[in-house]
Number of protein chains: 2
Amino acid sequence: MGRPGLNRSAVIAAAADLADEMGFDAVTISVLARHLGVRSPTLYSHISGATDLRTAVTAYVLDELADTTSHAMAGEGRDLLVAYADAIRDFARRSPGRYDATTRQRIPPTSDPAAEIPASVAAAITAGRRNADLALTVVRSYGIAETNETYAVRLMSSLIHGYITLEIAGTFAHSEPPSEATWPEVLDDLDRTLTRIAAAQRH
Amino acid sequence: MGRPGLNRSAVIAAAADLADEMGFDAVTISVLARHLGVRSPTLYSHISGATDLRTAVTAYVLDELADTTSHAMAGEGRDLLVAYADAIRDFARRSPGRYDATTRQRIPPTSDPAAEIPASVAAAITAGRRNADLALTVVRSYGIAETNETYAVRLMSSLIHGYITLEIAGTFAHSEPPSEATWPEVLDDLDRTLTRIAAAQRH
DNA sequence: ACGAATTGCCTAACAGTTGTAGGAAACCTA
DNA sequence: TAGGTTTCCTACAACTGTTAGGCAATTCGT
C-alpha cells in the first residue's frame, strides 16, 4: 500500500550522519532535505518539525550509544570501568555530532501532567534511562551499596562526560601531555575513588 | 564627536543578559535588536555578524567568570578548592545562559598562521587562559609538582564542569538525593584525589 | 488487468532571520 | 552656526521553517 520512499527511520539516521559531518547545530530541515534529494516540505511527512527532528535524533543516538557501550562492557571492577568509559569516549571521538546530540538536546521536565508527551521525547527518556542503567551496572560491580549508588554514578558520569566534552572542545589541545596520555590516569583515579567508596561502607 | 547611543560593550552585555533569560541559542540578532529598541541592521554597526556576537559574548562572560572566581578564591588546599568550585557552580546556576556561552562557543584551532584572528576570538582565548590560570593556582596550592600540574587541572576541570553541566541539564533531577547534597561529596573526593597526587610525587 | 485507496513528493506561499547598501538624522566640536 | 562623525533607518536579497493543497506513483482487492 502506497509508494515506497523515505521513512522516519531513514530520515533520522541521515540526520545523525549529517550531524557527524557538519555538527549537530548545522543539521537543519533544508540541509537535510537537500542531502536526501527531496524538498524541505517533504520531510514534514516523516517528522513533525525541527524540534521533533532533533529530539528524535537524540533518542536514536542514545540508543546507539547504549548498544555500543553494553556490547563493549565486560569484566568487573576496574576492567569494567575502563571498558565502559573507553566505549563512551571512542563513540564521542568517532561521532562528535552524535555525542553532541546526547547532551545538547534539553528534555523539558515531565512535571506537567496535562501536557502530552511527544513520542520522540518519550523515546529519548527511555533511551536515556538505558544509559543510566549501564552506569549503575559499573558502579554495582564495585560492590557499592544502594545508599551510595546515586552518588557514585553522578561522580563517574560527571568525570567521564566532563573530560570527553573538554577534550572534544579542544581545551586540552594547547598543553602537554596530549589528551590521550592523561585519560588512563583519569580512569586510574576514578577507579581508586570508586574502590574507596565501596570500602568505606563496609566499616 | 558623533551621536551617542549604543556601543559594542552595551550590545554584548545586553546579549549576555538575554542569554540568561532565554538561553544562549535564542539570542539572535533580531531578538537582541528588538530588545534594545533598534532595528536589526543597526547592530551591524557594533558587531560584524552573528558569529562575532556569540564569540564576543563568550569572551565577555569568560572574563566575568574569571573576575568572580578570583574574587571568591581564598585559603589553601581544600578551602581554596571549595571556594573555587563553589564560585563556578554558583555562577553557572545564577547565569545558565552565560555559563552555556563559555562552553558552547567553539574556538577554532589557531594552527593556521595565514588566517587572521578576529579580535573577539583573541579576546576569548585570552579570557580562557585567565580561567585556566585560576585552576592552576588551585592545583599548585596542593603542592602538586609541575610534572602533574596539567593532569591535575584536567581532572579537576573535567569533574567540576561535568557535574555542573549534567546538573543544569537536569540529569540529576530524577533521582535522590538532590543534586545539592552530592556536590560536597564530590568536592571531598576531589580533595582526596588531589591530595593523593601531591603525596605520590614526594616519594 | 483494472480501479481505488494510500502514500510520497511536489509547488506555492508566508513569516522570520541574517546580512548588505545607501541615505537621513542627531550629536559634539570648533 | 557649520563640519564632521557616528547612529540609526528603510529597502532589499537570500535562506530557513512551516502550512496548505495537489499531482503522481505504487500496492491491494477484485
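Chain A is the first sequence line, chain B the second, and so forth, proteins listed ahead of strands; every chain is numbered from 1.
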Worksheet item: Just how far, in rounded Å, is C1' of C:dC10 from NE2 of A:His46?
Response: 12 Å

Practice prompt. Figure out the CG/C1' separation between A:Asp25 and D:dT16, and round it to whole Å.
Written response: 15 Å

Worksheet item: Which of the following nucleotides, D:dC8, C:dT18, D:dT18, is nearest to the side chain of A:Ser40?
Response: D:dT18

Worksheet item: With respect to the side chain of A:Thr42, which nucleotide from C:dG19, C:dC9, D:dC8 is positioned closest?
Response: C:dC9

Discussion item. Testing the basics here: between B:Asp191 and B:Thr195, what is the closest heavy-atom pair and its distance to 0.1 Å?
Written reply: O-OG1, 2.7 Å

Discussion item. Give me the atom names and distance for the closest heavy-atom approach of B:Val27 to B:Ala15.
Written reply: CG2-O, 3.9 Å

Fill in: Test side chain to side chain donor-acceptor pair (under 3.5 Å) applied to B:Asn148 - qualifying residues, sequence neighbours left out
B:Gln201

Fill in: Under the side chain to side chain donor-acceptor pair (under 3.5 Å) test, residues paired with B:Glu76 that sit two or more places apart
none

Can you give the donor-acceptor pairs under 3.5 Å from side chains of residues 77-93 of chain B to other protein atoms, not counting sequence neighbours?
from, atom 1, to, atom 2, distance (Å)
B:Arg78, NH2, B:Asp188, OD1, 2.3
B:Asp86, OD1, B:Trp183, NE1, 2.8
B:Arg89, NE, B:Glu167, OE1, 3.0
B:Arg89, NE, B:Glu167, OE2, 3.4
B:Arg89, NH2, B:Glu167, OE2, 2.8
B:Arg89, NH2, B:Glu180, OE1, 3.3
B:Arg93, NH1, B:Glu167, OE2, 3.0
B:Arg93, NH2, B:Glu180, OE1, 3.0

Fill in: Strand contacts (DNA chain D) in residues 28-39 of chain A, 4.0 angstrom heavy-atom criterion
A:Thr28, A:Ile29, A:Ser30, A:Arg34

Worksheet, complete the sentence: Heavy atoms of A:Leu36 and A:Leu43 approach each other most closely as CD1-CD2, 4.1 Å

Item to complete: Look at B:Asp189 together with B:Arg192 and state whether they make a salt bridge at an N to O cut-off of under 4.0 Å.
Response: yes

Discussion item. Against the six-membered ring of B:Tyr163, is A:Arg154 placed for a cation-pi contact (under 6.0 Å from the centre, within 45° of the normal)?
Written reply: no

Discussion item. Among residues 12-20 of chain B, which ones have heavy-atom contacts with DNA chain C below 4.0 Å?
Written reply: none

Worksheet item: Between C:dG19 atom C1' and B:Leu53 atom CG, what is the distance in whole Å?
Response: 14 Å

Discussion item. Tell me the closest heavy-atom pair linking A:Asp20 and A:Pro96, and the distance in Å.
Written reply: OD1-N, 3.6 Å

Could you run down the sub-3.5 Å N/O contacts of the protein with nucleotides 13-15 of chain C?
none

Worksheet item: What heavy-atom pair brings B:Thr58 and B:Ala101 nearest, and what distance separates the two atoms?
Response: OG1-O, 3.1 Å

Worksheet entry | Nucleotide C:dG19, atom P - distance to CD1 of B:Ile47 in whole Å | 8 Å

Item to complete: Using the side chain to side chain contact (heavy atoms under 4.5 Å, CB included) rule, take A:Glu149 and B:Ser175 through it: C-alpha gap first, then chi angles, then the decisive distance, then the call.
Response: CA-CA 11 Å; A:Glu149 262 178 11; B:Ser175 53; over 6 Å; no

Worksheet item: Want to settle it: does A:Tyr44 or B:Asn7 sit nearer the 5' end of DNA chain D, counting the closest nucleotide to each?
Response: B:Asn7

